[in-house]
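Written out below as C-alpha cells is the structure these notes cover.
Owing to the predicted nature of the structure, the values given are computational and were not obtained by experimental measurement. Whatever order the structure lists ligands and atoms in, that order sets their numbers, starting from 1.
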Amino acid sequence: MTDKPFAVMVTGGAGYIGSHAVLALADAGWPVVVLDNLVTGFRWAVDPRATLVEGDVGDEALVGRAIGEHGIGAIMHFAGSVVVPESVKNPLKYYGNNTANSRALIAAAVAGGVRHFIFSSTAATYGVPDESPVTEATPQVPINPYGMSKLMTEIMLKDVAAAHPLNYCALRYFNVAGADPQGRSGQSTAGATHLIKVANEAATGKRGHVAIFGTDYATPDGTGVRDYIHVTDLAAAHLLALDALIADPAASHVYNCGYGRGFSVLEVLDAVERASGVTIERRMEPRRAGDPDALIAANDAIVRAFGWRPAHDDLDTIVAHALAWERHLGRRNAG
Ligand code: UDP
C-alpha cells in the first residue's frame, strides 16, 4: 500500500543516474515503473521494488499503454545517449535518442494526461561559459551535439508546458559521480570516459594508467576543474523537484545541480589514491577538444527553491563510494 497519488515512470531506470533515482523514489514509498530498452542499462540494476517495462522511450504507443496501465502521474526522464565525442561523430544518434525520443515521450505524456515531467539536462548546454560559477541565466551555447540535443529538449518542455496542463523541472547536472552509499547501485557501463570512474578502474587494475587531458589550463594546477556531485544528492534533488511540481502545478523550474566548488584532475587523482592506497600511473596528454578550463555551478537557486541540502558534498566520500562500487563490479564480473 502506498499513500502516493500516482506512480512515477523513470526512463533509463536501469542506467547509472536513473537507477539511483529509482532507489530514492522507492525508499520514499513511490510506486515506480522503469522504462528502459536495456541497451546500455542492466536488468539487474533495476530495483526489485520497481516494475520494468522493456522498450524504447520513442515508442509512443508503448509509452501510452504503460502510462494508462500503471497510473503514471509523473515522468523522470533519464534515458538517452551521454558520450560527448560520440555525439560529434554521430550527431543523428543524439538527435534521435535524445531529442526525437524526448519529443515522442513528451507527446505520450501529454496524450496520457501526465501532469509532471522531470528532465535530465546538463551543464553541456552552457558550452564553454564566459563566467564562473555558472548560473541558470548564463547563456546556453552548446558546443557539441550532445549539449544541443539536451537544450532542444529543454526548449520543447518550455513550449509544451505553456500549451498543455503539464509542468516540468529541468535539472542541469554538472559532473555526476559516486555510487549509492548502501552499495545497491553505481556506474556500471563499460567503456567509461568520466574521470572518477576511469581513475577507479585504474585503481582496481582494470586499466593501466590515467591520461590527464591538458596541464596548461587557466586553473591553479593547470588541469581542468569540475564540480563533482554525488549521484545520491542528485537523486534527492529529483524527489524535491517532484514535490515542488505537485505542490504548484502552475510553476515549472530549471536549476543547476552542483555543489558550487571545483576540483582539478590532479586533486581527483590524489583522492582516488587516498581512498584506494594505490599509486595511479598518470600520463600527461594534450587537451581534449571542447573541454573548458573550469565548470562550476552556482546552486543558490535550487537550494533556495527546493531546500536542497546535499548530504555527500565531500570529494573523498564521492570517490570512496565510487571505488566501493568498482570493487563490487569486479567481484560480480569475476563471479
Ligand atoms: N579528464 C582527464 N582524463 C580522463 C577523463 C577526464 O584528464 O581520462 C579530465 C577532463 O579533461 C576534464 C575532467 O577530467 O577536465 C572531467 O572530465 P569528464 O570526462 O569526467 O567530465 P566532463 O567534464 O567532460 O563532462
Report the nearest protein non-hydrogen atom to [atom]: residue, atom name, distance rounded to 0.1 Å.
{"atom": "atom 19 (O) of ligand 1", "value": "R288 NH2, 3.0 Å"}
{"atom": "atom 11 (O) of ligand 1", "value": "D291 OD2, 2.7 Å"}
{"atom": "atom 9 (C) of ligand 1", "value": "V265 CG2, 3.6 Å"}
{"atom": "atom 3 (N) of ligand 1", "value": "A211 O, 2.6 Å"}

Given side-chain hydrogen bond (donor to acceptor under 3.5 Å, both in side chains), test N144 with Y94 step by step and report yes or no.
CA-CA 10 Å; N144 51 57; Y94 282 71; over 6 Å; no
Within the 4.5 Å heavy-atom criterion, are [X] and [Y] side-chain neighbours or not?
{"X": "E154", "Y": "F119", "value": "yes"}
{"X": "R49", "Y": "L23", "value": "yes"}
{"X": "M76", "Y": "L242", "value": "yes"}

Is the closest heavy-atom distance from Y228 to ligand 1 below 4.0 Å?
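Right, Y228 reaches ligand 1.
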Just to be sure I'm reading this right: ignoring hydrogens, which of [options] gets closest to [atom]? Compare them by their nearest heavy atoms.
{"atom": "atom 23 (O) of ligand 1", "options": "R282, K197, R287, R226", "value": "R226"}
{"atom": "atom 7 (O) of ligand 1", "options": "Y146, Y217, F174, F213", "value": "F213"}
{"atom": "atom 25 (O) of ligand 1", "options": "L295, N175, V210", "value": "N175"}

Check whether any N or O atom of [X], backbone or side chain, sits under 3.5 Å from an N or O atom of ligand 1, and answer yes or no.
{"X": "H194", "value": "no"}
{"X": "I212", "value": "no"}
{"X": "G224", "value": "no"}

Around atom CZ of R207, are there more than 12 heavy atoms of other residues, nucleotides or ligands at under 6.0 Å?
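Atom CZ in R207 is packed in, count exceeds 12.
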Short N-O contact, D36 and R43, less than 4.0 angstrom:
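Looking at D36 and R43, the cut-off is not met.
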Salt-bridged, D180 to R184, with N to O below 4.0 Å?
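Yes.
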S81 side chain to Y146 side chain, donor-acceptor N/O pair below 3.5 angstrom
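Checked: S81/Y146 side chains show no N/O donor-acceptor pair below 3.5 Å.
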Where does T193 meet ligand 1, judged by heavy-atom distances below 4.0 Å: at the side chain, the backbone, both, or neither?
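It is the backbone that touches ligand 1; the side chain stays farther off.
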Quick one: does ligand 1 sit under 4.0 Å from the side chain of L195, the backbone, both or neither, non-hydrogen atoms only?
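The answer is both.
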Measure the CG-CD1 distance between L157 and I106 for me, rounded to the nearest 0.5 Å.
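If I round to the nearest 0.5 Å, the distance is 4.0 Å.
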